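Report on one structure; see the data block that follows.
Proteins get letters first, then strands, A, B, ... in listed order; numbering begins at 1 in each. This is a predicted model, so every value here is computed, not measured.
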2 protein chains.
Amino acid sequence: MTSTEKTSTEKTSTERTPLRPTRQRTAVVEAMASFDDFRSAQDIHDLLGRGATPVGLATVYRTLNALVEAGEVDMLRTEDGEAIYRRCSETHHHHLVCRSCGATIEVEGPAVERWTRSIAAEHGYADVSHTLEIFGTCRRCS
Amino acid sequence: MTSTEKTSTEKTSTERTPLRPTRQRTAVVEAMASFDDFRSAQDIHDLLGRGATPVGLATVYRTLNALVEAGEVDMLRTEDGEAIYRRCSETHHHHLVCRSCGATIEVEGPAVERWTRSIAAEHGYADVSHTLEIFGTCRRCS
DNA sequence: CGATCAATTGAGAATCGTTGTCAAAGTGGT
DNA sequence: ACCACTTTGACAACGATTCTCAATTGATCG
Ligand SMILES: [Zn+2]
Ligand SMILES: [Zn+2]
Ligand SMILES: [Zn+2]
Ligand SMILES: [Zn+2]
């Protein structure tokens, strides 16, 4: 605690996680790059288990959460509350997900973004965020 | 309401779900009518526990699920995956929820409805549904 | 009413996704 | 090599939800 300050040019308010590129973290990142749909932490753990670099389940969760925090991965919840993850573009977007095969398309809707902000403002709600997902059956699954 | 449309082709009265109006079921329904924000099953169970008609936790869950199924109650998930419930109007709508006190306002957005449908159609996704919630800090909590 | 029988209830056990614990191993800087 | 700090992972702990199943309730019919 005494000399946690490194050089003078350091963090101000938000304590940034160093996030060292360890073997298991890169393994998770690579795993995330190897598929295109949303998958559970368990799934990803299994995927790694079969590969050449097994990673402990707890570490998978930790890394996934860090990636979500960093905005490199999107997380959403299935109807029954399970968290599922997907590597996504860093800009704000939403998802069109096939209810059957999981095929996912990123979508953007400036009008919706505008609408949510105005609705919130209209009712005096500040610090606004939102969640929006679209589900359907993709062409191949129909 | 979120989720899928239900087929209206039902049998007359022989099979199907009887759904008897028991003491505990009406207790849950009344409890749901007594507040205006989203609450967890546990909260509702506690609420009933303090009242004159305690209802078992399992029954609270069962009844809540039935009500959600019937479209009389909306369920959504907190960031950490917990299910929370609220008695809502039966027409399709979304929610503006205070992240701090839970104060909820039902909102409608025909434009958004149209947009989700067109996006889905554009990509060949059929049988479309969607989820959309807006979170913020209400005036009193700011 | 009183029997009958399926629906319902609830206490506790069982599930299961997720997070916490903590000793051991790894990393970077000196 | 030495040290201080991360990171890891096996496993325990947790919490929300569901399951089990014996006991209770409620509707129906004679
Ligand atoms: Zn995404
Ligand atoms: Zn958006
Ligand atoms: Zn609602
Ligand atoms: Zn809608």
Side-chain angles (χ1 to χ4, degrees), chain A residues 1-11 15-31 38-70 73 75-86, chain B residues 11-31 38-70 73 75-85:
Chain A
M1 313 313 144
T2 44
S3 61
T4 358
E5 323 297 332
K6 298 186 178 176
T7 49
S8 50
T9 57
E10 256 310 310
K11 78 280 163 170
E15 189 74 41
R16 287 275 169 236
T17 313
L19 239 219
R20 291 208 281 233
T22 67
R23 184 173 68 269
Q24 24 279 89
R25 285 212 256 248
T26 42
V28 170
V29 171
E30 282 172 15
F38 279 89
R39 302 209 185 168
S40 73
Q42 290 276 4
D43 288 343
I44 296 161
H45 173 249
D46 292 349
L47 193 66
L48 289 164
R50 279 204 303 286
T53 317
V55 178
L57 182 57
T59 301
V60 171
Y61 272 107
R62 281 186 291 240
T63 305
L64 247 19
N65 287 348
L67 290 172
V68 168
E69 208 79 4
V73 161
M75 175 197 86
L76 59 86
R77 300 225 171 238
T78 63
E79 188 68 11
D80 52 319
E82 192 181 11
I84 49 181
Y85 307 84
R86 178 182 190 263
Chain B
K11 297 190 174 179
T12 48
S13 59
T14 38
E15 304 278 340
R16 274 307 156 203
T17 322
L19 236 220
R20 291 207 283 233
T22 67
R23 186 174 61 267
Q24 24 279 89
R25 285 213 255 251
T26 41
V28 170
V29 171
E30 281 172 16
F38 278 90
R39 302 209 185 168
S40 74
Q42 290 276 3
D43 289 342
I44 296 161
H45 174 249
D46 293 348
L47 193 65
L48 289 164
R50 281 203 303 285
T53 316
V55 178
L57 181 58
T59 300
V60 172
Y61 272 108
R62 281 186 291 239
T63 306
L64 246 20
N65 287 347
L67 290 172
V68 168
E69 208 79 2
V73 161
M75 175 198 86
L76 59 85
R77 300 221 170 242
T78 63
E79 187 69 10
D80 52 319
E82 192 181 10
I84 50 180
Y85 306 83

With a 4.0 Å limit, can you tell me whether [X] has a side-chain N or O closer than that to the phosphate oxygens OP1/OP2 of [N]?
| X | N | value |
| --- | --- | --- |
| A/Thr22 | D/dT8 | yes |
| B/Thr59 | C/dG10 | yes |
| B/Gln24 | C/dT8 | no |

I need the [X] [atom1] to [Y] [atom2] distance, nearest 0.5 Å.
| X | Y | atom1 | atom2 | result |
| --- | --- | --- | --- | --- |
| A/Leu57 | A/Ile44 | CG | CD1 | 10.5 Å |
| B/Ile84 | B/Leu76 | CD1 | CG | 4.0 Å |
| B/Leu64 | B/Ser40 | CG | OG | 9.5 Å |
| A/Glu69 | A/Met75 | CD | CE | 10.0 Å |
| A/Arg77 | B/Asp80 | CZ | CG | 6.5 Å |

[N] [atom2] sits how many Å from [X] [atom1], rounded?
| X | N | atom1 | atom2 | value |
| --- | --- | --- | --- | --- |
| B/Arg20 | D/dT25 | CZ | C1' | 7 Å |
| B/Leu48 | C/dT9 | CG | C1' | 14 Å |
| B/His45 | C/dA11 | NE2 | C1' | 10 Å |
| B/Asp80 | C/dG20 | CG | P | 12 Å |
| B/Leu64 | C/dT9 | CG | P | 13 Å |
| B/Arg25 | C/dT9 | CZ | C1' | 10 Å |
| A/Glu79 | C/dG17 | CD | P | 16 Å |

I need a per-nucleotide contact map over nucleotides 10-18 of chain D, read 5' to 3'. Cutoff is protein heavy atoms under 4.0 Å; write B for the base, S for backbone only, - otherwise.
B-----SBB
Measure from the side-chain N and O atoms of A/Arg25 to the backbone N and O of A/Thr59, and report whether any donor-acceptor pair falls under 3.5 Å.
no
So which atom in A/Ala41 and which in A/Val60 form the shortest heavy-atom distance, rounded to 0.1 Å?
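Looks like O-CG1, 3.9 Å.
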Axis-to-axis angle across the helix from C/dC1-D/dG30 to C/dT30-D/dA1, five pairs an end, to 10 degrees?
30°
Are any non-hydrogen side-chain atoms of B/Tyr85 and B/Asn65 less than 4.5 angstrom apart?
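When only atoms from C-beta onward are counted, B/Asn65 and B/Tyr85 do touch, with a gap below 4.5 Å.
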Is any side-chain heavy atom of B/Gln24 less than 4.5 Å from a side-chain heavy atom of B/Thr63?
no
